[in-house]
Amino acid sequence: MITNTELENKGDQYPSRIISFEQDVDSIFFYTENNIILKITILRDSLIRFRYTTKGYFSKDFSYAIDKTQSHGYNQLDVIEESTFYMIKTSKVFCKINKKDAKVGIFDIDGSAILEDENGFHWEECYEHGGNIVKMSKHSKDGESFYGLGDKASHLNLKGKRVENWAMDQYAFHKDQEPLYKVVPFYIGLHHNKSYGIFFDNTFKTFFDFCHERRNVTSFWAEGGEMNYYFFYGPKMSDVVTTYTHLTGKPELPPMWTLGYHQCKWSYYPESKVKEITSKFRELKIPCDGIYLDIDYMDGFRCFTWNKEYFPDPKRMVAELAKDGFKTVVIIDPGIKIDKDYWVYKEALENDYFCKRADGPYMKGKVWPGECNFPDYTNPAVREWWAGLFKELISEIGVKGVWNDMNEPAVMEVPGKTFPPDVRHDYDGNPCSHRKAHNIYGTQMARATYEGVKRFAYPKRPFIITRSAYSGAQRYTSSWTGDNVASWEHLWIANIQMQRMSMSGMGFTGSDIGGFAEQPSGELYARWIQLGVFHPFCRTHSSGDHGEQEPWSFGTEVIDITRKFVELRYQLLPYLYTMFWNYVNDGTPMLKPLVYFDQEDMHTHYRTDEFIFGNQILVCPILEPNAQGRRMYLPKGNWYNYWTNELVEGKRELWVSTKFDEIPVFVKEGSIIPKYPVQQYVGEMQFDELTLDVYYKLGKEKSTVYEDAQDGYDYNKGRFSLRTFSFNGKDKEIIIQQHKEGTFETTYSKFKINLKGLPFKVKKIEIDNEKVTLEKVQLNGDNFLIIDKDFSELHIIGI
Ligand code: GLC
């Protein structure tokens, strides 16, 4: 029986009275009269895991999502027994467990309730499949807001919504469509300026209801498996998100070129067409790093083969493209064509690597190549074999990235568009049906691909992109949001999806710029590019069954706008790379919704359009045709309009006028924004200066610039350069201090410092306490100066 409601059911059962408890180091077990065990594990003072079993014992603990390399530890753990309840205390929260019914309440140390069970844990036995439908309901507070959950195409604040988590091929999905391609059962709650999070680590189909069914109740449930969730306490949202990201893992730094612009279409072929496209980029001087080959490069859609008519010599082509700065990325799908003469099929068959139906036959389904079998990526031996298949593509042909698609897994012409529930999976030695493995199938495919590409790309870094993903997939892969549509509504959706993914630990994501299905107008394409350059992954892609969708398909005005914005992205590469480094190190989301930026300000709780790109740049896309500007909300602080350098006060709504070749972009005062010169591709130029745009502020602000070799792993051995700039602005004075870490020597030797918004005329400049003549620092009327990159203190004094 499939449940799509949490509403009380006749068959629901509840824990009864707690009769005993015991503590084993960081875990406390509570036993009820009706044989329920609640296990509470303290991972950090503000990170607590709750597991329930109705069997009287726990099954083996196994999760694909949790990063096993993470470390834990807490400062305080006390367990106190009172007459009607137990109390677990850490230095951040109190957790109260009622003796009567095992209901849980979590409070902060001031005693304010953060999250309390309503019905709490309950379950319904599932006769058809065995096990339980496991359910949880919590009281929701007045004014509570909800965020997170990955790729949901709904309002950023999920209050009032019900969502379903079941990875699904959703061609041309629409607003509020459920379910979508990715499964991130993690949400963030916010009330009374306190933020917490829940990660329900259960790979079965799950549902979350945010006051949709009942006004003041939040619930979540799964069609099988365990009630197993992690609670994170903030109170700052940033702590919730970074702790979640820490728990499910962070990616490695990607090669810098992957942060450039990518061009894709279904499909560019033959070779002459690919070259025509890449040459056009260089001719029009629109920077581009990635060129994609969709399924038609293969021989009859057989993975790891080439159509030799279209691509007679892939190695030569890939090398020629590389010479021109293009990195070739190819698609690889999970469906392996049933063809007794096809080596990949034969190897998998000989080794018994395909998924099987319950009674033994291989899972068979139609995808692009026709009837296919599907590797069971949940089997480590299969992943190892799959990784090995990339040898030729990567080490010999020189492909630089792999794009995994259709890995929900998608099956054509069948109800449910995927495997039937009886399909068997190894699940890393925990055999199960597709009901349990479905949601992580795509992640395990991307993981196996990542392992292969990494092995053969070494000492360079791998690049993987996936369509389906479960929590934790960010450790292996980037992603895109699947088959969207060329519509204004989808531009709105793309903006929200990328912010939501960022808050859900999966920051390296982008949308198909311009829309996958249907044809965008030039205006829509331009508006999409203007937003897309501020998304961590920036790629134009289209289905190719309508008109052209290259930057030059819409006339000169759109070409110029595309060039202007892609150039801006390339200038901001050091800034973008630094924000990626922050994500890798601290789990900080690269895009920050306004509510994340200032949760205290209630106005931010329902904002969707504006977001912070990195830490210091505020972006607000234009989401309507014929706009001369737009109303928007500026959060706290003072902000410089990027285009006019006008300083604007925040924490208010305002109208911002823009031309067609602009969208509202603001820079936080006090910021020091690093910029590279425009390059046609990453690494095209060796340059002698790093530009630093310094935005004057009366007060202090910190900025950082992380750099390294832009690829490879030497940064792990200290070969990086991390510059921290402390800006201190006074009435007639600026002091900028630089602190440097790491042993990497950047090729440039100077900074070109642009002083923006300076309220005084420069009288005197001192570098490291030595007065320098203005000629020497080359100060001119535009207020820029060129100085040695190794300064410690720059002191600008005005009149
Ligand atoms: C799927 C993908 C799309 C790709 C197409 C052909 O629809 O989502 O990006 O172009 O398959 O491979």
Side-chain angles (χ1 to χ4, degrees), residues 1-7 9 65 123-124 126 128-129 131-138 140 146-189 198-214 217-229 407-411 414-421 433-443 467-471 473 479 481-484 493 496-497 500-501 503-504 506:
M1 195 209 61
I2 303 297
T3 179
N4 59 7
T5 173
E6 181 278 329
L7 263 187
N9 242 302
W123 73 97
E124 202 181 317
C126 180
E128 193 184 343
H129 302 288
N132 299 322
I133 296 159
V134 290
K135 308 177 184 184
M136 174 60 69
S137 66
K138 308 274 189 193
S140 163
F146 302 95
Y147 308 93
L149 276 154
D151 61 348
K152 303 300 178 193
S154 297
H155 193 288
L156 197 70
N157 188 337
L158 291 166
K159 173 106 175 217
K161 297 262 183 303
R162 166 175 296 178
V163 301
E164 179 181 338
N165 292 317
W166 183 252
M168 180 84 120
D169 177 6
Q170 286 290 17
Y171 172 80
F173 58 97
H174 52 76
K175 182 167 179 262
D176 292 324
Q177 174 115 36
E178 286 294 316
L180 290 179
Y181 301 88
K182 299 179 186 65
V183 172
V184 185
F186 163 66
Y187 78 86
I188 303 152
I198 293 284
F199 172 43
F200 183 20
D201 188 12
N202 180 315
T203 57
F204 284 81
K205 183 185 281 181
T206 54
F207 295 85
F208 286 74
D209 184 301
F210 301 106
C211 312
H212 169 83
E213 192 165 299
R214 282 177 288 158
V217 177
T218 304
S219 54
F220 50 94
W221 62 100
E223 290 187 349
E226 241 184 37
M227 177 48 63
N228 166 36
Y229 71 90
N407 52 357
E408 290 67 33
V411 180
V414 295
K417 302 197 274 191
T418 189
F419 294 1
S433 79
H434 195 62
R435 295 171 68 242
K436 180 171 172 178
H438 175 84
N439 280 339
I440 44 81
Y441 187 83
T443 301
R467 193 170 72 174
S468 186
Y470 182 79
S471 295
S479 66
T481 53
D483 296 344
N484 59 359
I493 293 176
I496 289 181
Q497 283 185 306
R500 199 193 286 297
M501 288 290 281
M503 278 172 109
S504 306
M506 255 177 228

Does Ile133 reach the side chain of Trp123, with side-chain heavy atoms less than 4.5 Å apart? no
Which distance, rounded to the nearest 0.5 Å, do you find between the CG of Asn165 and the CG of Asn202? 10.0 Å
Might you point out which heavy atoms bring Ser154 and Ile496 nearest each other, and give the distance in Å? O-CG2, 3.2 Å
OG1-CH2 distance between Thr203 and Trp166, expressed to the nearest 0.5 angstrom: 9.0 Å
Within-4.5 Å side-chain heavy-atom neighbours: Trp221 and Met227: no
When rounded to the nearest 0.5 Å, the distance separating OG of Ser479 from CE of Met501 is 3.5 Å
Without swapping roles, check the side chain of Asn228 against the backbone of Asp201 for a donor-acceptor pair under 3.5 Å. yes
In short, Asn439 meets Tyr470 closest at the heavy-atom pair O-CB, 3.4 Å
Separation between NE2 (His155) and CG (Asp176), nearest 0.5 Å, reads 10.5 Å
Backbone N/O of Tyr147 and side chain of Arg500: donor-acceptor pair under 3.5 Å: no
Take Lys175 and Ile493 through the side-chain contact (heavy atoms from CB on, under 4.5 Å) test and state the conclusion after the steps. CA-CA 7 Å; Lys175 182 167 179 262; Ile493 293 176; 4.1 Å; yes
Side chain of Asn157, backbone of Phe146: donor and acceptor closer than 3.5 Å? yes
In short, Thr206 meets Pro185 closest at the heavy-atom pair OG1-CB, 4.3 Å
Between Gln497 and Lys152, the two heavy atoms sitting closest are CG-O, 4.0 Å
Can a donor-acceptor pair be found, under 3.5 Å and without considering hydrogens, that links the side chain of Ser471 to the backbone of Val184? no
Which word best sums up how the rings of His434 and Phe419 line up, parallel for under 30°, tilted for 30 to 60°, or perpendicular for over 60°? tilted
Phe186/Met503 under side-chain contact (heavy atoms from CB on, under 4.5 Å): CA gap, chis, key distance, verdict: CA-CA 10 Å; Phe186 163 66; Met503 278 172 109; 5.9 Å; no
Separation of Ile198 CD1 from Tyr187 OH (nearest 0.5 Å): 4.5 Å
Measure the CG-CG distance between Leu158 and Leu149 for me, rounded to the nearest 0.5 Å. 6.0 Å
Please give me the minimum heavy-atom distance between Ala222 and Phe204, naming the atom from each residue. CB-CB, 4.5 Å
Main-chain N/O of Gly150 paired to Ser504 side chain as donor or acceptor, under 3.5 Å: yes
Would you find a donor on one side and an acceptor on the other, under 3.5 Å apart, between the side chain of Thr418 and the backbone of Pro409? yes
Between Ser137 and Val217, which heavy-atom pair has the shortest distance, and what is it? CB-CG1, 3.9 Å
So, the side chain of Glu164 versus the backbone of Lys205: is there a donor-acceptor pair under 3.5 Å, distance only? no
Sidechain-backbone polar pair: Asn407 side chain, Thr443 backbone, donor-acceptor under 3.5 Å: no
Going through the checks in order, is the ring-ring contact (aromatic ring centres under 6.0 Å, His included) test met by Phe220 and Phe208? CA-CA 4 Å; Phe220 50 94; Phe208 286 74; 5.6 Å; yes
Is there a donor-acceptor pair under 3.5 Å between the side chain of Tyr181 and the backbone N or O of Gln170? yes
Donor-acceptor check, side chain of Asp151 to backbone of Lys182, threshold 3.5 angstrom: yes or no? yes
Suppose we screen for salt bridge (charged side-chain N to carboxylate O under 4.0 Å, His left out). Which residues come up paired with Arg467, at least two apart in sequence or across chains? Asp169, Asp405, Glu408, Asp483
Partner set under side-chain contact (heavy atoms from CB on, under 4.5 Å) for Ser433, not counting sequence neighbours: Arg424, Arg435
